[in-house]
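Take a look at the structure set out below.
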Amino acid sequence: TLQHDHGIGLLMGLPRIGRAVDALPATARDAEQWVMRRLGLPQPVWADYLEAVLLTVNGWASWCAYLGWQAKLEGGEDAHLRELLAIRLAWGVLLLECKGDATAEAAFAELQLAWGRAPAVLAAAEQPLLIDEVWQLALEL
C-alpha cells in the first residue's frame, strides 16, 4: 500500500516512504535481523527492546499471543506475534530512514545511548529491589 498510495507519505511528511519500503527484506525473520543491525543496540537489551516495541501495540500483541496460545493448545504453532513484531520493527526503521533530518538523527543517537546504558541501570536497580523482595516475602510468611 505504501508503495502505491502516496497520500500516507505526504500526510506524514515522508514523501520517500514508498521507495523506502523496497529496501525491506522479504521475510519477517530477515526483517527482524535487518532492523536490529540498523538500530545497533547491544545484544543484552534486545529482549527488553523487543518487548517495549510490542507494548506499543499492546492490544494487537495480546490478540496475537492469544492466537499462539490457542494454536499450542491444539498442538500447532502460530506466527502472528512474531510477524507483528517484524512489522512494528520495520515501521520504526522506515520512519527513521525517511525522516532523515538532524532532529531525528539526534533523537536516534540518544535512544542508542539510553539502550546502551540500560543493562547498567537495571543492574543498579536490582539490589534495592532484592531488599524489597526479602521484606515482601517476610511479610507474606
Side-chain angles (χ1 to χ4, degrees), residues 1-140:
T1 299
L2 288 172
Q3 291 170 323
H4 305 290
D5 183 357
H6 303 291
I8 296 170
L10 291 174
L11 287 172
M12 294 181 70
L14 305 169
R16 299 176 301 175
I17 199 163
R19 281 180 269 138
V21 171
D22 292 334
L24 291 174
T27 68
R29 296 283 170 133
D30 291 342
E32 289 172 4
Q33 293 171 0
W34 176 75
V35 167
M36 296 312 283
R37 279 192 308 271
R38 171 61 178 97
L39 293 178
L41 300 177
Q43 195 165 357
V45 301
W46 284 9
D48 294 324
Y49 179 74
L50 298 175
E51 181 180 1
V53 167
L54 282 175
L55 287 173
T56 67
V57 287
N58 192 37
W60 286 108
S62 297
W63 176 252
C64 291
Y66 168 75
L67 293 175
W69 178 68
Q70 287 291 315
K72 285 182 183 174
L73 287 177
E74 297 170 6
E77 291 185 21
D78 184 88
H80 282 95
L81 186 61
R82 192 76 185 249
E83 290 169 352
L84 176 66
L85 177 61
I87 290 167
R88 182 57 189 82
L89 287 168
W91 178 248
V93 170
L94 281 177
L95 294 179
L96 178 65
E97 296 287 331
C98 292
K99 194 64 177 169
D101 62 14
T103 304
E105 290 299 322
F108 178 61
E110 185 60 35
L111 172 79
Q112 286 178 309
L113 285 173
W115 277 105
R117 291 188 301 262
V121 170
L122 290 172
E126 268 183 19
Q127 188 62 33
L129 290 176
L130 287 175
I131 294 167
D132 289 345
E133 187 177 337
V134 168
W135 280 111
Q136 181 65 40
L137 183 58
L139 177 66
E140 291 171 0

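Below, each value reflects all heavy atoms present in this structure, side chains not excepted, and no hydrogens, waters or symmetry copies. Nothing fancy with the numbering, it's 1 onward along the sequence.
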May I ask you to decide whether Glu110 forms a salt bridge with Arg117, counting only side-chain N to carboxylate O separations under 4.0 Å?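 Salt bridge flag = yes for Arg117 with Glu110.
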Are Arg38 and Glu97 close enough for a salt bridge, meaning some N to O gap below 4.0 Å?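 A salt bridge links Arg38 with Glu97.
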[X] side chain near [Y] side chain, heavy-atom distance below 4.5 Å:
X	Y	value
Pro128	Asp132	no
Met12	Leu95	yes
Glu32	Leu89	yes
Leu24	Trp34	yes
Met36	Gln43	no
Leu81	Leu54	yes
Leu39	Trp115	no
Trp91	Val53	no

Supply the atom-to-atom distance [X] [atom1] to [Y] [atom2], rounded to the nearest 0.5 angstrom.
X	Y	atom1	atom2	answer
Phe108	Leu113	CZ	CG	10.5 Å
Arg82	Leu50	CZ	CG	8.5 Å
Trp69	Leu73	CH2	CG	5.0 Å
Leu85	Cys64	CG	SG	10.5 Å
Ile17	Leu11	CD1	CG	11.5 Å

Taking every non-hydrogen atom, the tightest pair across Ala71 and Asp78: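 Taking every non-hydrogen atom into account, CB-CB, 3.8 Å.
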How far apart are the closest heavy atoms of Gly116 and Pro42, and which atoms are they?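 Heavy-atom minimum between the residues: CA-CG, 3.9 Å.
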Can you list the steps and then say if Arg88 with Thr56 is a side-chain contact (heavy atoms from CB on, under 4.5 Å)? CA-CA 9 Å; Arg88 182 57 189 82; Thr56 67; 3.0 Å; yes
Measure centre to centre between the rings of Tyr49 and Trp46, then say whether the value is under 6.0 Å. no
So, Glu140 versus Gln136: side-chain donor-acceptor pair below 3.5 Å or not? yes
Working note: Thr27 + Asp30, criterion side-chain contact (heavy atoms from CB on, under 4.5 Å); need CA distance, chi angles, decisive distance, verdict. CA-CA 5 Å; Thr27 68; Asp30 291 342; 3.0 Å; yes
Dump the intermediate steps for salt bridge (charged side-chain N to carboxylate O under 4.0 Å, His left out) on Glu105 and Lys99, then the final yes or no. CA-CA 9 Å; Glu105 290 299 322; Lys99 194 64 177 169; over 6 Å; no
